[in-house]
Amino acid sequence: MNENLFASFITPMMFGLPLVTLIVLFPSLLFPTSSRLVNNRLISLQQWMLQLVSKQMMSIHNPKGQTWALMLMSLILFIGSTNLLGLLPHSFTPTTQLSMNLGMAIPLWAGAVITGFRNKTKASLAHFLPQGTPTPLIPMLVIIETISLFIQPVALAVRLTANITAGHLLIHLIGGATLALMSINTTTALITFIILILLTVLEFAVAMIQAYVFTLLVSLYLHDNT
Amino acid sequence: MDLDHASPLCGAGMESDCLLVRAHREAFALIEIMAGPEADAQFHFTGIKKYFNSYTLTGRMNCVLATYGSIALIVLYFKLRSKKTPAVKAT
């Protein structure tokens, strides 16, 4: 078991060809599109969910910020569906790869920051100094705020990677422990199995919450800059 | 973007915005009131404090630019100084 602990995080290959592209594109097949005015139950449910999420997330934005609605809705759907699909046994989760999460976080954060500097240069620069700072602390606080700005995309990516990876590892470990304990002590194995069930439920929640948190933070960075 | 439909999470007879959305709106409105350009008029600084302070938008921007400029000058000074004085003098 120990030597296979990180096997699920290796990018899958088939006959020397990487399957990552197919895996990343696969969740889009699960969201059907429709050209009808009145749709079937699945598409109606999907549209209701999208409307709920977009209203929750986009109502705080001005019209300029709301131009990002499609991007943010696509982001939350993609991360949410990828995380949930990763909970299937023996599947590969692209969001466990830091490279992928950095590839999502950095362009979105940079886009928001550059939008802010282009449209509200004065306010964006003034943002580096909190209002009411005592004079001797000004240089230090400017440096601290600059560092905290550049840490934002790294924190976004690492938060998602760490949460999903940790959850998968825990499930793997506790599942292995349950199997090992079955031949030793059935009662302990049963308790471990109950813990595994609870952990799986938690991981379902974490998968959706992390998608929401990622998108919400990008939305907040956008709000600060529009 | 039209977001006028009532959220399914809110009960009938309530406003169309959920509590969470209203709380977000109020929080961001407060931030905008505190830090907007219209709030600069309430401060009356004179002298150098008119351009470098941590209350008005202009003052904060100038402080930030001055900090970055100082850091750039310090880095430039050390770079130029190390080019002028060689590590080992030829004899």
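What's counted below: heavy atoms across the whole structure, side chains too, no hydrogens, waters or symmetry copies. Sequence lines set the chain letters: A, B, ... in the order given, protein chains first and strands last, and positions in each chain run from 1.
- When heavy atoms are compared at a cutoff of 4.5 Å, A:Pro63 does not approach chain B at all.
- Scanning both residues, B:Asn53 and A:Leu129, for their nearest heavy atoms gives O-CD2, 4.4 Å.
- Crowding of B:Tyr51 atom OH: a count of heavy atoms from other residues, nucleotides or ligands under 6.0 Å not exceeding 12.
- Of the atoms belonging to A:Ile143, it is side-chain heavy atoms, and not backbone ones, that fall under 4.5 Å from chain B.
- The number of heavy atoms from other shown groups lying within 6.0 Å of CG (A:Leu88) is above 12.
- The NE2 atom of A:His127 lies 11.0 Å from the CG atom of B:Leu57; values are rounded to the nearest 0.5 Å.
- Side-chain atoms of B:Thr67 and A:Phe128, non-hydrogen and from C-beta on, never get closer than 4.5 Å to each other.
- Looking at A:His61, there are no atoms closer than 4.5 Å to chain B (heavy atoms on both sides), in backbone or side chain.
- Side-chain contact between B:Phe52 and A:Thr135 is absent, with no heavy-atom pair separated by less than 4.5 Å.
- Closest heavy-atom contact between A:Lys122 and B:Met61: CG-SD, 3.5 Å.
- The two residues A:Thr133 and B:Ser54 have their closest heavy-atom pair at O-OG, 2.7 Å.
- Shown here is B:Tyr68, whose OH atom has more than 12 heavy atoms of other residues, nucleotides or ligands within 6.0 Å.
- Applying a 4.5 Å heavy-atom cutoff, none of the residues of residues 24-46 of chain A approach chain B.
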